[in-house]
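Atoms considered below: every heavy atom in the structure, side chains included; atoms not considered: hydrogens, waters and symmetry mates. Residue numbers begin at 1 in each chain, while the letters A, B, ... track the order of the sequences.
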Protein chains: 2
Amino acid sequence: MERKITTIKEIAKILNVSTSTVSRALKGHPGISPVTTDRVRKVAGEQDYIPNQSAISFNKKRSYTLGLIVPEFSEPFFCSAFNAIENIATAHDYNIIIGQSYDDMETEAKLVKKFMNHRVDGLIISIAKKGSDYQQLSILEKLNIPVVFFDCVPDRKDIHFVASDFQTSLLKGMQELITAGHRKIALINGPTILSATRQRLVAYIKGLRDHNIEINSSLIVTTDLSREGNLSALNKLIHLSNPPTAVIVFNDYVFLDCLDLLNSKGLEDLFKFISFGNMPGWVLYHHKPFGSIEQFPAEQGKIAANMLMQLMIGKEAEDEPPAKNFQKYIDSDIVFFRDSIKADQAIV
Amino acid sequence: MERKITTIKEIAKILNVSTSTVSRALKGHPGISPVTTDRVRKVAGEQDYIPNQSAISFNKKRSYTLGLIVPEFSEPFFCSAFNAIENIATAHDYNIIIGQSYDDMETEAKLVKKFMNHRVDGLIISIAKKGSDYQQLSILEKLNIPVVFFDCVPDRKDIHFVASDFQTSLLKGMQELITAGHRKIALINGPTILSATRQRLVAYIKGLRDHNIEINSSLIVTTDLSREGNLSALNKLIHLSNPPTAVIVFNDYVFLDCLDLLNSKGLEDLFKFISFGNMPGWVLYHHKPFGSIEQFPAEQGKIAANMLMQLMIGKEAEDEPPAKNFQKYIDSDIVFFRDSIKADQAIV
DNA sequence: TTGAAAGCGCTAACAC
DNA sequence: GTGTTAGCGCTTTCAA
């Protein structure tokens with residue numbers, strides 16, 4: 001009952017030509033006469049011929065597939081990035097094989113191995129936030145398989161990457177807060193293992209120093225990004241004898257949790273917030289912080305995918321790796337919601 | 001410079017054994033002596049052997065890949081479903097190749113074709129909402145490639161599917177509204193091409209009939225699900241000479257847009273809402289409707305994936321298709337947020 | 001303009 | 001326990 005898919009060989013037999021002729025005709029090779037080409041295509045159509053990608057990949061030693069590893073797909077940030085990457089991949093007739101590291105290094109290593117089995121032609125990755133050591137990617141390097149990092153990138157100079165530069169935006173946001181009279185600005189930062197955490201801290205300190213505001217370490221708290229951690233971090237700030245008037249939070253998830261807590265205590269007016277955007281636009285439309293830093297996941301994805309395409313195509317053409325690495329920091333942006341005074345007006 | 005990946009043949013040569021021995025040793029075939037197995041594995045390790053999945057798929061005529069087609073990946077609903085499907089696929093050592101139809105039939109057809117090229121072993125699909133006619137899937141049927149539909153499924157009896165049954169939940173929600181004194185209940189429905197739209201309408205009418213409430217056609221409006229469409233639909237209801245007191249909306253996106261409009265007009269108390277959930281939990285945590293119908297995407301995805309696994313494994317074992325189709329409606333659930341009286345208290 | 005033939009890396013009868 | 005061998009479907013020299 002199970003119908004077999006027609007092969008090139010069978011088409012060749014039907015037409016009394018060779019398999020090479022069929023193969024060439026099917027892909028419009030110029031060395032085949034138009035008459036033959038038509039005949040081949042006609043039969044191929046009649047027989048419902050479907051090229052076998054496995055066989056092609058096997059033969060050509062190219063999978064026409066790129067690997068994508070992100071921490072978690074449920075984060076809108078990575079959904080947007082995926083969409084952008086997917087569009088470019090599709091435009092180049094590439095497939096994407098997806099892996100979620102759940103920010104775990106071992107899972108990440110397993111995914112890399114799996115991708116290697118599949119002989120991906122290239123890899124785009126936002127590395128796991130829990131102690132990624134880049135080691136598991138060395139095999140790709142050895143085999144000259146191009147890798148492009150995005151969003152969360154290792155601290156090395158010999159890699160291709162695109163990442164967000166949020167220092168300027170954060171400084172701008174702090175400037176705005178300070179202009180509005182804020183002097184006690186707190187920071188709810190993320191886990192210390194994240195480079196993003198370090199970067200936020202550095203920018204925060206610079207922002208204060210630039211305005212000659214003394215750093216007060218009790219205004220710097222951290223969260224493990226769990227709901228409990230977020231609430232507990234905010235609580236610490238609330239109960240300070242000399243509490244802040246504005247808070248920079250690690251990301252939107254933290255921000256939303258803070259909103260909850262403040263509302264439940266009837267303290268919606270207590271703080272101004274600057275948050276780092278992970279949410280799609282409509283969420284902020286409903287919950288406006290004082291300022292929100294946008295990191296353009298789609299833009300990052302697009303650039304990363306284009307980098308990888310260039311690397312893969314370049315590799316196909318010559319065998320020389322590019323003289324220099326593709327490295328790009330894309331500017332983040334900060335959006336201010338000046339008209340949002342109170343948290344409970346966030347729904348406008 | 002580009003190092004080649006060691007093959008089984010090379011390992012065989014090094015050890016002076018045959019390729020079949022290596023192949024068998026590598027996968028722990030019982031017919032190979034432990035000594036040989038160890039030697040083979042040792043050399044494989046030293047040589048950084050990486051099995052070539054393309055070659056294996058090619059040889060075994062199985063891709064160990066399943067296709068997944070959803071309308072759009074940016075919808076949290078499908079992200080959840082994907083996660084669940086991915087977990088099961090990974091557990092069975094299957095890969096997923098993803099496609100987004102953007103609810104367009106032609107795109108969907110292209111994806112199916114692409115998946116066929118890749119010889120996917122099975123397909124999970126939530127069909128395109130714009131005029132999907134199931135035709136493009138006939139090729140899969142012919143080739144006996146199992147297909148499982150989920151969420152948005154065609155109206156046929158000879159298919160495998162899992163979908164949400166929300167009639168019970170919606171009736172329960174309406175019951176609750178009516179008990180609370182509501183008699184004028186409106187419906188903001190979706191595009192008529194969607195079966196989900198028809199189902200909502202049917203349940204809505206039944207809900208009213210069950211309580212001997214006359215159907216008032218001016219209380220039934222539709223939206224194309226764009227923001228403008230949503231606002232315009234709500235506006236129609238607001239400006240009715242005899243407006244409703246409660247509104248059933250097509251989904252959470254519509255609900256959020258409605259909230260915006262009402263808040264901007266200072267009419268936050270005007271309506272109670274029942275909405276169909278697409279949002280992750282935390283969103284409703286911030287914006288509480290009167291009732292929210294949960295359709296359990298992860299549950300649906302899990303069931304669909306398990307169905308497909310069974311079908312694929314069954315196919316591997318014998319060649320008989322299962323006597324009957326896998327068909328499952330999973331109960332939806334309705335959550336009531338009774339304490340949320342006013343829309344601007346939605347942020348709790 | 002076409003054909004013959006080798007081979008991509010691996011698996012799985014079948015033979016010993 | 002292990003080897004021999006014949007492919008899987010396709011591309012691509014090389015030859016005609």
Atom NZ of A/Lys9 and atom C1' of D/dC8 are separated, to the nearest Å, by 9 Å

Rounded interatomic separation in angstrom, taking NZ from A/Lys13 and C1' from D/dC10: 16 Å

Answer yes or no as to whether C/dC10 has its base stacked against B/Phe58, where stacking requires a ring-centre separation under 5.5 angstrom and planes under 30 degrees apart. no

Any side-chain N or O of B/Lys27 less than 4.0 Å from the OP1 or OP2 oxygen of C/dC10? no

Pairs involving residues 39-61 of chain B, ordered by first then second residue, that meet ring-ring contact (aromatic ring centres under 6.0 Å, His included) (sequence neighbours left out): A/Phe58-B/Phe58

Tell me: NE2 of B/His29 to C1' of D/dG1, nearest whole Å? 9 Å

For B/Lys60 and D/dA6, what is the distance between atoms NZ and C1' respectively, to the nearest whole Å? 17 Å

Would you say the ring centroid of B/Phe161 lies under 6.0 angstrom from that of B/Phe326? no

Provide, to the nearest angstrom, the distance between the CG atom belonging to A/Leu26 and the P atom belonging to C/dT2. 14 Å

For a quick check under 3.5 Å, do B/Ser18 and B/Thr21 share a side-chain donor-acceptor pair by atom type? yes

From C/dT11, C/dT2, D/dT12, pick the nucleotide closest to the side chain of B/Ile56? C/dT11

One pair to check against side-chain contact (heavy atoms from CB on, under 4.5 Å): A/Val147 and A/Glu141. What are the steps and the verdict? CA-CA 8 Å; A/Val147 178; A/Glu141 197 180 17; over 6 Å; no

Scan side-chain atoms only and decide if B/Glu10 and B/Gln47 contain a donor-acceptor pair under the 3.5 Å cut-off. no

Closer than 4.0 Å, any side-chain N/O of B/Ser18 to the OP1 or OP2 of D/dG3? yes

Checking B/Arg119 side chain against B/Met116 main chain: does a donor-acceptor pair fall under 3.5 Å? yes

Does B/Arg119 get its side chain close enough to the base of D/dG9, under 3.5 Å, for a donor-acceptor pair? no

Which whole-number value in Å describes the distance from A/Asn59 CG to D/dG7 P? 18 Å

D/dC10 P sits how many Å from A/Arg24 CZ, rounded? 15 Å

Decide whether B/Thr36 and B/Ser33 meet the rule of one side-chain donor and one side-chain acceptor closer than 3.5 Å. yes

What does A/Ser20 touch in the nucleic acid at a heavy-atom separation under 4.0 angstrom: a base, only the sugar-phosphate, or nothing? base

Whole-Å distance separating the CD1 atom of A/Ile8 from the P atom of C/dC8: 19 Å

Could you check which residues of residues 33-43 of chain A get a heavy atom under 4.0 Å from DNA chain C? Sort them by number, please. A/Ser33, A/Thr36

Under 4.0 Å between a side-chain N or O of A/Lys61 and OP1 or OP2 of D/dT11? no

